[in-house]
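Have a look at the structure below before the remarks.
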Number of protein chains: 2
Amino acid sequence: MTARTPDSARDIPEATVARLPVYLRALTGLAESGTTTCSSEELAATAGVNSAKLRKDLSYLGSYGTRGVGYDVEYLRYQIAREIGVTQDWPVVIVGIGNLGHALANYSGFRSRGFRVVALLDADPDRHEEVVAGLDVRSFEDLESIVADNAVSIGVIATPAVAAQSVADRMVAAGITSILNFAPTVLSVPDGVDVRKVDLSIELQILAYHEQRKSVAPGAEVVS
Amino acid sequence: MTARTPDSARDIPEATVARLPVYLRALTGLAESGTTTCSSEELAATAGVNSAKLRKDLSYLGSYGTRGVGYDVEYLRYQIAREIGVTQDWPVVIVGIGNLGHALANYSGFRSRGFRVVALLDADPDRHEEVVAGLDVRSFEDLESIVADNAVSIGVIATPAVAAQSVADRMVAAGITSILNFAPTVLSVPDGVDVRKVDLSIELQILAYHEQRKSVAPGAEVVS
DNA sequence: AGGAGTTTGTGAACGGGAGAACAAAACGAG
DNA sequence: CTCGTTTTGTTCTCCCGTTCACAAACTCCT
């Protein structure tokens, strides 16, 4: 009864958006193994989620399945890719070419999903002679021109923590509106700019918390 | 009125656990800048959260503040560190010493928070001659003995996706009960084993989704 | 000592997401 | 063509997490 725009469903829940890339990867795996059709149960198992949750997630995109049959793998894969936006090409700049920046520049998972690293920038002049993943490491001063010339809207920060906020400020001023931050700092950015944070030590600390609980109360959940 | 064990509060919500490391980092920063006392408002601003949420989070640990005054930075920092478990030493093994494994091995944020990398393992014999971050890269076959000798309970997987599940299986069999997975795969592990996933391309895809929405409907939220 | 001003800790309302359960729809057999 | 089977799409309920709002408690000033 709700009037929904057929070509592009509105307001997909954030939790669902975070899972769509997982479904996309699972579908790609199924397609590579020759599967042409799958049920929500199979796909959910591959993606590591509940089948009811999967179906509800997919229902936000539209009705792309066939009752009694399941989903066409290739068709659903394309629909999810289109919804996320990875059918188009996303130019990306990486700032901070230390150990982590190297790893990110060489990560094949970016290019295969529509992300194209157009430039590697570092503030240290000693690094400007290096060539990483087929790209020259350039001066951070070139940020504005690179962003403008390549219509870059996504920036990756892999600098030390102290530099991260100023890099973010320059990125925002240059026109970047989405930032993936690997530096262990809280970034403050204006409204309209999205920031996602990946913090390696926080993940370990969360594991440590649960690990500690396991050893303190070993019989709390598991009957010995 | 609820009878709460005073020394160690029970069942801290998962969302709170995920934020405690952020508070810990913020407190460390405040301590280094010479601040001895702070209000929930200040700390919340530093940590990038709402002050009400911060107070509720801290209330799960106990009453470590003083009304009308605020929190003692050093005291609160210690209490949170103890609750998370980073006052003790956590031995960690890293498997897969490619670009990302290098970056992780060299990441200083681990050691400074109680995590000690005790071994770097790789299946490729060509890498066994390398020394990374002061540690020999050893054979993956040594996993079991290393885990046993060092009482390792946390493992980090930085291998390609195809190897991740078998590495995880070996880790679990060797006695590891917490896994931080950087490989782009869904791991299946038995109950009692915690897995946290860090997926670089998923983060970018989430950003791409929102970025796409911005350009498609620029006036949807912001009044022009 | 008493009152004004601050700041914490928490009870209560609110919103969103997860999971169960079921109706609707497609297919195939007879 | 009809009935049974399979699987999707959706509704409903419950639970977790967030936020508001306020009482309790502490300090400082007079």
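Protein chains get the first letters and strands the later ones, always in sequence-line order, with residue 1 at the start of each.
For B:Arg67, taking side-chain heavy atoms from C-beta onward, the closest of the listed nucleotides C:dA20, C:dG9, D:dT8 is C:dG9. Closest to the side chain of B:Ser39, from the set D:dT19, D:dT7, C:dT7, is C:dT7. Candidate nucleotides D:dA25, C:dA26, C:dG17 were compared by shortest atom distance to the side chain of A:Ala15, and C:dG17 ranks first. Listed nucleotides D:dG9, C:dG19, D:dT27 differ in distance to B:Val69; the shortest reach to its side chain belongs to D:dT27. Proximity note for A:Ser63 (side chain, C-beta onward) versus D:dG9, C:dG9, D:dG17: the nearest is D:dG9. Considering only side-chain atoms of A:Lys53, the nucleotide from D:dT8, C:dA18, D:dT10 that sits closest is C:dA18. Of the candidates D:dA25, C:dA18, D:dT7, C:dA18 carries the atom nearest the A:Arg19 side chain, counting heavy atoms from C-beta on. Across C:dT8, D:dG9, D:dT19, the shortest atom-to-atom separation from the side chain of A:Arg55 is found for D:dG9.
For B:Ser40, a side-chain nitrogen or oxygen approaches OP1 or OP2 of C:dT8 to under 4.0 Å. Checking the phosphate oxygens (OP1, OP2) of C:dG16, no side-chain nitrogen or oxygen of A:Tyr60 falls inside 4.0 Å.
Distance A:Ile12 CD1 to C:dG17 P: 12 Å, rounded to the nearest Å. At whole-Å resolution of the value, CG in B:Asp72 and C1' in C:dT7 are 15 Å apart. Atom-to-atom, CD of A:Glu41 to P of D:dT8 comes out at 8 Å; the value is rounded to the nearest Å. Distance B:Leu43 CG to C:dT6 C1': 17 Å, rounded to the nearest Å. In this structure, B:Glu42 places its CD atom 14 Å from P of C:dT6, rounding to the nearest Å. Atom CG of B:Leu76 is separated from atom C1' of C:dG9 by 14 Å (rounded to the nearest Å). The distance between atom OH of A:Tyr64 and atom P of D:dT8, rounded to the nearest whole Å, is 16 Å.
When each of A:Gly68 and A:Thr16 is assigned the nucleotide of DNA chain C with its nearest heavy atom, A:Thr16 is the one assigned upstream, toward the 5' end. Between A:Pro13 and B:Tyr71, the residue anchored closer to the 5' end of DNA chain C is B:Tyr71, taking for each the nucleotide with the nearest heavy atom.
One N or O donor and one acceptor, one from the side chain of A:Lys56 and one from the base of C:dG19, sit under 3.5 Å apart.
Taking the six-membered ring where the residue is Trp, the centroids of A:Tyr71 and A:Tyr64 are separated by 6.0 Å or more.
The residue A:Glu14 sits close only to the backbone: its heavy atoms come under 4.0 Å of sugar-phosphate atoms, none of a base.
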| Does the salt bridge (Lys or Arg N to Asp or Glu O under 4.0 Å) test come out yes or no for B:Lys214 and A:Asp194, once each step is laid out? | CA-CA 10 Å; B:Lys214 288 178 194 169; A:Asp194 285 318; 3.4 Å; yes
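Note that B:Arg116 lies outside the cation-pi zone of B:Phe110, set by a 6.0 Å cut-off to the ring centre and a 45° limit from the axis.
For the pair B:Ser33 and B:Leu30, the tightest heavy-atom approach, listed with the atom from each and the gap, is OG-O, 2.9 Å.
With hydrogens and angles disregarded, a donor-acceptor distance shorter than 3.5 Å links the side chain of B:Thr28 to the backbone of B:Leu24.
Contact annotation: the side chain of B:Gln212 never approaches that of A:Glu83 to less than 4.5 Å [non-hydrogen atoms, C-beta and beyond].
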